[in-house]
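Worksheet: the structure to be examined is printed underneath.
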Amino acid sequence: MAVLAHPAQAMQQLTSDAPIFMRYFLNAIYRINYQRDKDGLPRGWIKRMKRTIRTLGWRFNADRMVMDYTLKCYVPAAGGTSSDMSVTL
């Protein structure tokens, strides 16, 4: 969907995109999240989450987040340009 400047164009685009979105939502997202097996488990959702963790888990872990916060937030906020912890006397 393109970004449209005029509100009438935006509403027209939303109106034409709505059925496509709903079809995708009902066929992909809703089915995967709410369709349960005989044990009452959403196997499609479990399969998708396992794949997500397997393929993207390395990006979402505590070590990486601490390093990102340190280098991108705390060090610059403290007025530093480096996170070098070595001490020279």
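- Counting only distance, with no hydrogens or angles, the side chain of R31 and the backbone of N27 share a donor-acceptor pair below 3.5 Å.
- Atom-to-atom distance recorded for D17:CG and M22:CE is 13.5 Å, nearest 0.5 angstrom.
- Across every non-hydrogen atom of L26 and Y30, the tightest pair is O-CB, 3.9 Å.
- What you find for S16 and P19 is that their closest heavy atoms are O-CD, 3.5 Å.
- Residues that satisfy the salt bridge (charged side-chain N to carboxylate O under 4.0 Å, His left out) test with D68, not counting sequence neighbours, are R64.
- The distance from the NZ atom of K47 to the OG1 atom of T52 is 12.0 Å, given to the nearest 0.5 Å.
- Once rounded to the nearest 0.5 Å, the distance linking CG of N33 with CZ of F25 reads 8.0 Å.
- When hydrophobic residues (I, L, V, M, F, W, Y) are linked wherever their side-chain heavy atoms come within less than 4.5 Å, the members clustered with I46 are I32, L41, W45, M49.
- When the side chains of ILVMFWY residues are joined at heavy-atom separations under 4.5 Å, either directly or via intervening members, Y24 and Y34 end up in a single hydrophobic cluster.
- Going from atom CZ of R43 over to atom NZ of K50 covers 8.0 Å, rounded to the nearest 0.5 Å.
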